[in-house]
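Read the structure below first, then the notes.
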Amino acid sequence: MSLVEAQGLTKIFRRPEKDPGLRGSLKHLVQRRFKEFRAVDGIDLSIEAGESVAYVGPNGAGKSTTIKLLTGILVPTSGTVRVAGAEPHTDRMVNARNIGVLFGQRTQLWWDLPVRESLALLRDMYDLSPAFYKQRLERLDDVLGLADLLPVVARKLSLGQRMRADLAAALLHQPKIVYLDEPTIGLDISVKDRVRQFLRELRQDGTTLMLTTHDLGDIEDVCERIVIIDEGRKIFDGPLAQMKDRFARVRRMRLQLAEPTPVEKLAERLPDVEVVAGDAPTEVTVTFDRFTHTAGQIIAGVLDVVEVGELHLDEPAIEDVVRKVYAGELLRIPEPGPARDAAERSGERA
Amino acid sequence: MRRTLRIYRRSLGAHLRAVLEYEADFWILVVAGLLFQVLNLIFLSAVFSHVPALNGWSFPEAVLLAGTYGFVNGLGPLFFEGTWRLAGKINHGELDYPLIRPAPVLVQVVSAGIGMHGVGDLIGGGAMIGYGLANSDIAWSPARIGGALLLLAASATILLSLIVLGNAASFWVGGNHPVFAMTLIRTGDMAKYPLSIYGVAVRATFTVLVPYAFISFFPASWLLGKESAWIGLLTPLVAVYCVYLARLIFRQGLRRYDSAGH
Amino acid sequence: MRPYWGLLRMSTRRILTYRLNSLILWIGGATFLAGSLAVWHALLSQGEIGGYDWDQMKAYLLIGWATGAIGSAYGDWWMAGRILEGHVATDLTKPLDYQWARFSEHMGGLATEFIAITIAATAIVTFTGGLVVPGPAQALLFAASFLLVAPLKFAIAYITTMACFWTQNFMGVSWAKDAIVTLFSGALIPLALLPAWLAGPAAVLPFASITATPAALYLGQATGWEALRLLAVQAAWVLVLWWGARLVFRRALRALTVHGG
């Protein structure tokens with residue numbers, strides 16, 4: 001059985017419906033109306049031990065709600081969840097020992113207490129032995145640089161410091177599975193790198209990770225599997241590489257030619273690909289579908305016409321795909337079918 | 001249970017240490033707590049300088065009553081202060097973390113703070129109890145001393161349960177401030193005067209519906225041997241009932257919790 | 001004027017948004033009033049105390065409660081919270097006078113407060129058999145003085161919240177203020193019943209203008225020139241505290257810069 005098993009997971013919230021303004025408030029006093037809102041709508045998900053899953057989608061897609069359902073904070077409206085065999089919202093205490101959670105927007109440190117006191121309180125709650133606690137603290141200090149933060153009261157920490165301390169708090173008891181909701185939000189580049197490095201190490205230690213983020217760098221650096229949701233529904237679930245294959249299939253080769261060459265001449269030699277002149281007369285960019293052509297074919301074709309000085313192949317970026325999902329351009333991600341069809345529908349050529 | 005108590009103690013201890021870091025705040029709060037007890041005393045002494053008794057209660061007896069109420073009220077801030085932050089926690093979705101930790105949520109909530117104004121209440125209320133006892137006519141015996149301590153513990157339990165119960169209403173009421181709980185507890189302030197001054201509706205409400213009268217009036221009546229003193233001996237039973245009710249309501253409320261920022 | 005009017009409406013709306021909160025707050029206020037009435041009813045059953053009989057005391061307690069209710073719906077807490085959570089920096093970037101802006105927000109509660117006071121007065125008339133009513137001249141004086149209570153209480157609350165620039169702990173400061181105001185305004189017990197060592201300071205402090213002054217005008221304890229003198233004192237306190245608050249605020253801003261908050 002998988003470590004995390006969710007089936008038909010659904011959460012419906014009820015929101016008051018109110019007209020704007022004072023008049024609206026007064027009206028709502030008398031006549032209360034509510035609107036149902038499906039935050040999570042029939043999601044199936046299973047995560048194996050040791051996997052690292054990126055869970056992405058636009059704002060309001062239901063990412064945080066899913067995490068809250070998986071961690072037992074919310075009770076699902078319908079559907080089932082099992083984490084390491086336990087149902088999170090009923091076996092709350094059992095589940096709690098298996099999981100570590102970080103909500104990047106919110107700290108779990110006690111606001112008025114020094115970090116050291118917060119960690120000690122967690123030690124007591126998770127029944128950690130003094131030896132284990134000491135060893136964990138040392139390990140976390142190595143990767144997160146905790147020592148300086150320990151005597152500081154939580155409310156006085158900077159955002160980056162707070163996130164480091166919060167990561168330590170979430171991982172103190174060495175949980176089997178770690179849920180991270182926006183773990184790098186608002187951090188500057190250097191702290192971000194440090195956090196990502198830490199997450200990679202965590203993954204190497206065999207910890208299962210599930211990560212929601214708006215920062216696509218997090219995904220590429222840390223995750224091997226990606227789940228995309230929109231409006232509470234899952235629209236893609238598979239390996240990151242597969243996602244790249246399937247959607248980021250368009251590659252771009254920039255060539256520095258030995259002598260100025262008309263674009264038409266190259267286009268003639270290379271049908272089915274797009275050839276565009278660059279800034280200088282010796283520069284051209286060739287855009288091709290990596291399923292219909294290989295990079296080698298393109299180079300061979302160009303070499304038939306003209307000598308090539310330098311070339312640069314742009315890696316397909318996960319960013320482009322996910323950005324399109326966010327922008328609503330990819331409402332349903334198609335199954336792998338005829339290559340061109342998919343590429344056109346995804347709007348890659350546009 | 002022992003583990004729960006240990007978590008509670010450690011959490012409270014950590015907050016106590018944190019509060020004591022700020023000496024000025026500590027004194028401001030102690031003085032504020034003390035001032036409210038002093039106000040009670042000023043009111044009673046001003047009134048009793050014009051009348052000999054309030055419905056059969058002499059000045060020392062009335063001071064004992066108000067002092068007991070004040071003393072018990074000081075225990076809330078010292079031991080259950082975190083409860084008052086529940087409304088804000090619900091409103092901001094801050095129960096998420098307590099829910100993912102392997103410790104009872106109520107314990108985490110209750111111990112998440114400490115209010116030093118309780119010290120002022122304990123000092124002020126304690127002094128008033130001392131004055132009241134010294135100047136009242138009580139036939140002391142070991143049984144009476146034991147009974148008094150038991151009733152004091154029971155009355156404290158009632159008040160702390162009411163604090164939990166009132167704040168748990170925030171699961172339904174919404175909003176950032178525990179207004180329901182504040183109202184519930186403040187209404188109880190009426191219990192610092194002899195219950196007999198109120199109309200029958202208030203007396204019934206305070207005895208049966210919300211048992212404020214068991215916080216100070218009935219225990220003090222038993223100690224002073226007033227009319228229907230025996231009712232005071234029911235205080236421990238009422239306390240058990242209140243604990244049960246508070247836990248039940250808190251649990252029901254927790255099931256309604258829907259975090260924040262979906 | 002328009003932005004201030006907007007702030008006032010906004011805070012009224014906020015109070016209505018948390019309507020259940022507001023309602024419960026008023027129920028709490030009502031039980032407090034009922035409690036005071038019961039205590040005094042029992043005390044006055046043997047005859048008058050310090051010149052107050054039951055009818056007068058009823059009116060006195062209602063006024064004491066009403067003057068306590070004015071400016072309470074919005075609460076000092078909102079103001080203090082904005083300073084403690086650092087939003088004051090955002091507030092300062094707006095092209096508004098900070099004090100007038102907070103005053104407008106405070107006054108956003110007036111509508112609900114007046115409704116609550118009307119209900120309380122009606123309840124007293126219904127359940128305790130009437131309420132003494134002053135003559136037209138005294139009623140006019142009372143109305144003027146009652147209106148002055150709003151800015152007076154605001155200024156006191158505003159100055160108190162300034163303490164948040166120096167201490168994290170508004171709660172203690174606010175309670176200490178409440179205790180002092182309750183005692184010296186006459187809300188706890190009519191000032192005439194206080195022992196001399198407390199009545200003395202009460203007479204020279206601004207707090208008497210909150211409860212004792214409107215009550216004296218309503219009950220006709222002060223008439224003619226004496227009434228006008230009380231009103232003048234009250235108005236003077238409003239001005240002094242309003243401008244005093246500006247001085248404190250200027251100093252507080254210096255503290256803000258020092259802390260880099």
Side-chain angles (χ1 to χ4, degrees), chain B residues 19 22 24-40 42-43 45-55 77 84 87 115-117 120 169-170 172-194 196-199 202 205, chain C residues 14 17-32 34-50 52 75 77-78 81 127 163 166-180 182-183 187-195 197-199:
Chain B
V19 167
Y22 302 90
D25 285 16
F26 170 78
W27 287 111
I28 291 173
L29 278 173
V30 171
V31 168
L34 197 55
L35 270 180
F36 273 102
Q37 299 311 323
V38 170
L39 279 196
N40 285 334
I42 290 175
F43 178 80
S45 70
V47 163
F48 277 92
S49 69
H50 293 92
V51 296
L54 174 58
N55 268 35
W84 293 98
M116 299 320 284
H117 54 288
S170 300
W172 286 269
V173 179
N176 221 349
H177 294 286
V179 191
F180 180 84
M182 279 156 67
T183 304
L184 189 76
I185 300 305
R186 244 191 68 190
T187 306
D189 284 356
M190 286 166 75
K192 67 187 174 205
Y193 305 117
S196 48
I197 65 168
Y198 300 110
V202 172
T205 309
Chain C
R14 179 181 291 162
T17 308
Y18 294 111
R19 58 193 171 280
L20 198 49
N21 273 357
S22 310
L23 187 69
I24 289 169
L25 194 69
W26 292 120
I27 292 174
T31 55
F32 175 76
S36 314
L37 285 167
V39 173
W40 283 104
H41 184 67
L43 285 171
L44 293 168
S45 59
Q46 264 100 49
E48 65 175 42
I49 295 178
Y52 286 89
W77 296 92
W78 295 97
F127 293 115
W166 289 279
T167 170
Q168 281 288 315
N169 199 315
F170 177 63
M171 205 165 66
V173 176
S174 164
W175 282 339
K177 177 209 87 174
D178 286 348
I180 288 166
T182 307
L183 175 62
L188 180 73
I189 189 166
L191 297 180
L193 299 181
L194 282 179
W197 63 277
L198 285 170

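Letters A, B, ... are given to chains in the order of the sequence lines, protein chains preceding strands, and every chain is numbered from 1. Bear in mind that the values here come from a model prediction, so they are computed numbers and not experimental data.
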- Got B:Phe36 and C:Thr182 here, is their nearest side-chain heavy-atom distance under 4.5 Å?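 They are not in side-chain contact.
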
- Item | Contact check, side chains of C:Trp175 and B:Ile28, non-hydrogen atoms, under 4.5 Å |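 Sidechains of B:Ile28 and C:Trp175: no contact.
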
- Item | Spacing of CG belonging to B:Asp25 relative to CE belonging to C:Met171, to within rounding of 0.5 Å |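 Between atom CG of B:Asp25 and atom CE of C:Met171 there are 9.5 Å.
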
- First locate atom CD1 of B:Ile42, then atom CG of C:Leu183, and finally report the distance between them rounded to the nearest 0.5 Å.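 That separation rounds to 5.0 Å.
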
- B:Ala169: what forms a side chain to side chain contact (heavy atoms under 4.5 Å, CB included) with it, not counting sequence neighbours?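 B:Ala169 satisfies side chain to side chain contact (heavy atoms under 4.5 Å, CB included) with B:Val173, B:Phe180 once adjacent residues are dropped.
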
- Item | Test side-chain contact (heavy atoms from CB on, under 4.5 Å) applied to B:Val47 and C:Leu193, C:Val39, C:Ile189, the passing residue |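 Output: one option passes, namely C:Ile189.
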
Enumerate donor-acceptor pairs with a distance under 3.5 Å from any side-chain N or O in residues 185-194 of chain B to protein atoms, sequence neighbours excluded.
unit_1   : atom_1 : unit_2   : atom_2 : d
B:Thr187 : OG1    : B:Thr183 : O      : 2.5
B:Thr187 : OG1    : C:Thr31  : OG1    : 3.2
B:Asp189 : OD1    : B:Tyr69  : OH     : 3.1
B:Lys192 : NZ     : B:Asn40  : OD1    : 3.1

- Residues in ring pair (Phe, Tyr, Trp, His ring centres under 6.0 Å) contact with B:Phe48, at least two apart in sequence or another chain: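 Counting only residues at least two positions away or on another chain, B:Phe48 forms a ring pair (Phe, Tyr, Trp, His ring centres under 6.0 Å) with B:Phe59.
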
- Query: Can you say whether C:Leu198 sits under 4.5 Å from chain B via the side chain, the backbone, both, or neither, judging by heavy atoms?
  - Reply: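 For C:Leu198, the contact with chain B is made by the side chain alone.
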
- Query: Which of residues 41-48 of chain C get closer than 4.5 angstrom to chain B, counting heavy atoms alone?
  - Reply: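 Residues of residues 41-48 of chain C touching chain B at under 4.5 Å: C:Ala42, C:Leu43.
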
- Message: For the interface with chain B, which of C:Ala179, C:Ser174, C:Pro195, C:Ala176 has the highest count of heavy-atom pairs at distances below 4.5 Å?
- Response: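 The option with the most such pairs is C:Ala179.
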
